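Here is the structure we will look at, set down as structure tokens.
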Number of protein chains: 2
Amino acid sequence: MKKTILIYGLSLAVLVFLLEYFEYRYFVHELSTEVFVFFIALIFTGLGLWAGKKLTNQTKIESPPFEQNEKAIRYLKISERELEVLELVAQGLSNKQISDKLFVSVNTTKTHLSHLYEKLDVKRRTQAVEKAKSLNLIE
Amino acid sequence: MKKTILIYGLSLAVLVFLLEYFEYRYFVHELSTEVFVFFIALIFTGLGLWAGKKLTNQTKIESPPFEQNEKAIRYLKISERELEVLELVAQGLSNKQISDKLFVSVNTTKTHLSHLYEKLDVKRRTQAVEKAKSLNLIE
DNA sequence: TCAGGCGTCACCCGAAAGTATGATTTTGCA
DNA sequence: TGCAAAATCATACTTTCGGGTGACGCCTGA
């Protein structure tokens, strides 16, 4: 980001300098002002395109990692443990497998899930996963 | 896309015309060439940025739609009906709801699902959805 | 200090999901 | 036309889920 802006600024300065230099020394008598302006326009359009690409690319790499995540989780009052269970459910694990992974009993997992269903306002685990993903709670 | 290019071209033409017009008539004696070039650079950088944004946005809307979809489905020998069931499962519907939606009995839905599990090499519906999405079979 | 949230666990029960097997009809293709 | 795959349904059985209820210890903030 900073680098992009820096490069853009430098290019701008250098180009302005060069163009003026050549304008004064050689071109002004041979080329019309239209052509001069055209080249400047062309070059800076290119620079704009390049800078735009850089900037949008960066925001596209930086933005995907959640945002609403935390906010929504807090709003829904979903606890740490519940979120862990939710993530494992989303991976397609059974209650038993989740329980083993978290070193708790199946009953505990089921309790967490019940609370999750209530908070997410769903009835089944598949719906919970669906909703959680759409809310960017997980993945 | 075409519209973007058209607008860009028109803006370019109009600006070049205007700038030259003003340059000759009024500015050339009051403003330095540096300032003139600066404004042109600024304006065309903006145009470049704008055009770039438009173009990248379009490619981002056009590219996502599946590719491996069909190929993978054929490879896994997943039938029409099975795919329908799979999609409904991914939406979090129960076997009963799916059956009602497809006007078949719950047993039929379960049969389709069994076949799906076998073809996808999974044991549960949540895993099936997980795998199907990662293979771009659905969504 | 006490209420309330969190995490843990248990038991019960009914519903949903999944397995296994077999049968019939439809359909596409050789 | 005939066969294989697909689609349909059924019956029976097992496993997993999910709901409801209650309980216990821990920690935190009022």
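Chain naming here is simple, since letters A, B, ... match the order of the sequence lines and numbering starts at 1 in each. Just so we're clear, the structure is a prediction, and the values are computed from it rather than from any experiment.
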Flag the pair A/V104 / A/H112 as yes when at least one side-chain heavy-atom distance between them is below 4.5 Å, and no otherwise.
no
B/E82 side-chain N/O to B/I78 backbone N/O, donor-acceptor pair under 3.5 Å:
no
Rounded to whole Å, the CZ-P distance (B/R124 to C/dA16) equals 19 Å
Rounded interatomic separation in angstrom, taking NZ from A/K123 and C1' from C/dA16:
13 Å
From C/dG18, C/dC6, D/dG19, nucleotide with atom closest to A/K119 side chain
C/dC6
Short heteroatom pairs, N/O only, protein and nucleotides 7-13 of chain C, under 3.5 Å:
{"residue": "C/dG7", "atom": "OP1", "partner": "A/R81", "partner atom": "N", "Å": "3.3"}
{"residue": "C/dG7", "atom": "OP2", "partner": "A/S79", "partner atom": "OG", "Å": "2.4"}
{"residue": "C/dT8", "atom": "OP1", "partner": "A/R81", "partner atom": "NE", "Å": "3.1"}
{"residue": "C/dT8", "atom": "OP1", "partner": "A/R81", "partner atom": "NH2", "Å": "2.9"}
{"residue": "C/dT8", "atom": "OP2", "partner": "A/R81", "partner atom": "NE", "Å": "2.8"}
{"residue": "C/dT8", "atom": "OP2", "partner": "A/H112", "partner atom": "NE2", "Å": "3.0"}
{"residue": "C/dC9", "atom": "OP2", "partner": "A/S105", "partner atom": "N", "Å": "2.8"}
{"residue": "C/dC9", "atom": "OP2", "partner": "A/T108", "partner atom": "OG1", "Å": "3.0"}
{"residue": "C/dC9", "atom": "N4", "partner": "A/T111", "partner atom": "OG1", "Å": "3.1"}
{"residue": "C/dA10", "atom": "OP2", "partner": "A/N107", "partner atom": "ND2", "Å": "3.3"}

Give a yes/no on whether any side-chain N or O of A/R125 is located under 4.0 angstrom from OP1 or OP2 of D/dG18.
yes
Below 4.5 Å, heavy atoms only, C-beta onward: do B/R81 and B/L102 meet side chain to side chain?
yes
I need the NZ-P distance between A/K77 and C/dG4, as an integer number of Å.
14 Å
When you measure from the side chain of A/Q97 to the backbone N and O of A/L93, does any donor-acceptor pair fall under 3.5 Å?
no
From CG of B/N95 across to P of C/dA15 the rounded distance in Å is 15 Å
Residues pairing under side chain to side chain donor-acceptor pair (under 3.5 Å) where one sits in residues 102-111 of chain A, two or more places apart or in two chains, turn out to be A/S99-A/T109, A/S105-A/T108
Determine: side-chain N/O of A/Y117 to OP1/OP2 of D/dG19, distance under 4.0 Å, yes or no.
no
Could you tell me how far apart A/L116 (CG) and C/dC6 (P) are, to the nearest whole angstrom?
11 Å
State, with a plain yes or no, whether a side-chain heavy atom of A/R125 is found less than 4.5 Å away from one of A/Y117.
yes
Measure from CG on B/D100 to P on C/dA16 and round the result to the nearest Å.
11 Å
Below 3.5 Å between N/O atoms, which protein atoms pair up with nucleotides 23-30 of chain C? Just atom names and distances, please.
none

Does A/K133 pair with B/E130 as a salt bridge, N-O distance under 4.0 Å?
yes
Donor-acceptor pair, distance only, cut-off 3.5 Å: does the side chain of A/K77 make one with the backbone of A/K119?
no
Measure from CG on B/L76 to C1' on D/dA6 and round the result to the nearest Å.
17 Å
When you group the ILVMFWY residues by side-chain heavy-atom contacts below 4.5 Å and let the links chain together, are B/V106 and B/L116 in the same group?
no
Measure CG/B/L83 against C1'/D/dA7 and give the value in whole Å, please.
15 Å
